[in-house]
Amino acid sequence: MVDPKETINIENVVASTGIGQELDLQSVAMDLEGADYDPEQFPGLVYRTQEPKSAALIFRSGKIVCTGAKSTDDVHESLQIVFGKLRDLNIQVDEDPEIVVQNIVTSADLGRNLNLNAIAIGLGLENIEYEPEQFPGLVYRLDDPDVVALLFGSGKLVITGGKEPDDAKKAVDKIVSRLEELGLLE
Amino acid sequence: RLRKWQERIRTKDAGERNLQFALSEIDRMASALGVPRSVREVASVIYRRALDDDLIRGRSIEGVATSALYAACRKEGIPRSLEEISEVSRVERKEIGRTYRYISQELGLEMEPVDPKKYVPRFCSELELSEEVQSKANEIIETTAEKGLLSGKSPTGYAAAAIYAASLLCNEKKTQREVADVAQVTEVTIRNRYQEQIEAMGIHS
DNA sequence: GCTTTAAAAAGTAAACT
DNA sequence: AGTTTACTTTGAAAAGC
């Protein structure tokens, strides 16, 4: 069978940064087309980029959160677009703001169906959360890497909470070997 | 000094009143659900443990009490679905589910997933189905679950589909709507589970 | 705690055709 | 009977209630 690690796909990357300048969101909302700003509902202004596709949350403090990108490169591209748009509005933006990846959401496929009931018992009921009446996925929290995995009956999984792409690979390896030693794979 | 003492008494009284309220709520809901006294006792123990471990902070007393009852029903082998529990509680389903998962984790209840077969006797009796249908439904659940069809599926929907299939096989047909109503799932869910189960059982109808 | 953003997994519900 | 859309879960940051 294919190595499950090769089925890993980054689905979403969340990162934070800042332009090092305070902003008047009211006027930015006026000048920036496509901007959604509703301070009553949420203090951040929402600005969406098309290519790469992402959503940036821009705050009064000048701090920015970027989410929805499919890679860390896309996060940087998207934020460069946002920085450019702000500069077009004659807003001072630091020359090269530090961009910190906060979370990476990944999907993968183990290639075979999983008996979640057996896995729940095997991994230890105290280590997992599996409530099919509420959600079809089994929640498995790992310590190293520090991520959370959602395992589904189809063998597909979602890994989230990691800060670098490598965390997902390590997690998949650990999950595969754990399930193998329990005899719950194949 | 006297004020501090009075405050302690007041706090203690308030805590006592809250506990009494929680226990009476558990009693009221348990009666409405028609579950045996043993379940109320287990629920009370879970609630007291949650109280001792300070798990109620930031949550409603009613929410924790309802979740304790939901957990107790499962522990005693006579589960009620979150939908059924929410009908006798003033807390909404989603909140009961969240609170249950939280106290279950924190108290280390190590709850096993609900076995759909646990719903068969009650649902069948509400539908006035025979012992034969119950056995058939249990057989369908057992066999298809072994083939891995149960993973990720809601226990009530799974049981409902098996009961619907069994009622057809035993010539005691109930409509999807009738079964859906007692199990509190939709007809679409019964159809989806039914198709998979019938196929896995190698039945062609 | 909540609010908002994005994305995946798979199941279920509500509303239709 | 079957489809579409929307919601459930996980994770993280931002500012403010």
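These numbers come from a predicted model, not from an experiment. Below, chains carry the letters A, B, ... as their sequence lines are ordered, and counting in each starts from 1. Note that these values count all heavy atoms, side chains included, but never hydrogens, waters or copies made by symmetry.
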Self-check item: Residue A:Gln41, side-chain atoms from C-beta onward, closest of C:dT4, C:dA7, C:dC2
Solution: C:dT4

Self-check item: Whole angstrom value for the distance that separates P of C:dT12 from NZ of B:Lys94
Solution: 18 Å

Practice problem: Answer yes or no: is there an ion pair linking B:Glu196 with B:Arg193, defined by an N-O contact shorter than 4.0 Å? | Solution: yes

Quiz item: Which part of the nucleic acid, if any, lies within contact of A:Val13, taking any heavy atom under 4.0 Å across all strands shown: a base, the sugar-phosphate backbone alone, or nothing?
Solution: nothing

Quiz item: Can a salt bridge be assigned to the pair A:Asp88 and A:Lys85 using a cut-off of 4.0 Å between side-chain N and carboxylate O?
Solution: no

Practice problem: Please report, rounded to the nearest Å, how far the C1' atom of D:dT10 is from the CG atom of A:Leu142. | Solution: 12 Å

Self-check item: Whole angstrom value for the distance that separates P of D:dA1 from CD1 of B:Ile198
Solution: 12 Å

Self-check item: B:Glu92 CD - C:dC2 P separation (whole Å)
Solution: 12 Å

Practice problem: Could you check whether B:Arg57 gets within reach of a base, just the sugar-phosphate, or nothing at all, counting any heavy atom under 4.0 Å? | Solution: nothing

Quiz item: Of the nucleotides C:dT3, D:dA13, D:dT9, which has the atom closest to the B:Arg98 side chain?
Solution: D:dT9

Quiz item: Can you check the A:Tyr130 OH to D:dT10 C1' distance for me, whole Å?
Solution: 16 Å

Quiz item: Touch check for A:Ser61, heavy atoms < 4.0 angstrom, all strands: base, sugar-phosphate only, or nothing?
Solution: sugar-phosphate

Quiz item: Which of these nucleotides, D:dT8, C:dT5, D:dA15, is closest to any side-chain atom of A:Phe42?
Solution: D:dA15

Quiz prompt | Which nucleotide in D:dA13, D:dA15, D:dG11 has an atom nearest any side-chain atom of A:Pro43 | solution = D:dA15

Self-check item: Minimum-distance nucleotide to A:Thr67 side chain [options: C:dT5, D:dA15, C:dA9]
Solution: C:dT5

Quiz item: Which of these nucleotides, D:dG2, C:dA10, D:dG11, is closest to any side-chain atom of A:Asn12?
Solution: D:dG11

Practice problem: Could you check how far CG of A:Leu150 sits from C1' of D:dT10, rounded to whole Å? | Solution: 5 Å

Quiz item: Starting at CG of A:Asp143 and ending at P of D:dG11, how long is that distance when rounded to a whole Å?
Solution: 13 Å

Practice problem: Give a yes/no answer on whether the side chain of A:Lys53 brings an N or O atom under 4.0 Å of OP1 or OP2 in C:dA7. | Solution: yes

Quiz item: Does the side chain of A:Ser107 come under 3.5 Å of the side chain of A:Glu11 through a donor N or O and an acceptor N or O?
Solution: yes

Exercise. Look at the side chain of A:Val158 and decide which nucleotide, out of D:dA13, C:dA15, D:dT10, has an atom nearest to it.
Key: D:dT10

Quiz item: Could you give the CD-to-C1' distance, from A:Gln134 to D:dT8, as a whole number of Å?
Solution: 9 Å

Quiz item: With a non-hydrogen cut-off below 4.0 angstrom, is B:Arg193 in contact with a base, only sugar-phosphate, or nothing?
Solution: sugar-phosphate

Exercise. Specify the residue among B:Arg59 and A:Leu57 whose closest nucleotide of DNA chain C lies further upstream toward the 5′ end.
Key: B:Arg59

Self-check item: Sidechain N-carboxylate O distance under 4.0 Å for A:Glu131, B:Arg101
Solution: no

Quiz item: Looking at the side chain of A:Arg141, which of D:dG11, C:dA8, C:dT5 is the nearest nucleotide?
Solution: D:dG11

Practice problem: Salt-bridge test for B:Glu142 and B:Lys147: reply yes if a basic N is under 4.0 Å from a carboxylate O, no otherwise. | Solution: no

Self-check item: Nucleotide nearest B:Thr186 when distance is taken to its side chain, options C:dA7, C:dA9, C:dA14
Solution: C:dA14

Quiz item: Considering only side-chain heavy atoms of A:Val65, which listed nucleotide, D:dG11, C:dG11, D:dA14, is closest?
Solution: D:dA14

Quiz item: Within the structure shown, what part of the strands sits under 4.0 Å from A:Thr160 by heavy-atom distance: base, sugar-phosphate, or nothing?
Solution: base

Quiz item: When we call it a touch if two heavy atoms are under 4.0 Å apart, what does A:Val14 touch: a base, just sugar-phosphate, or nothing?
Solution: base

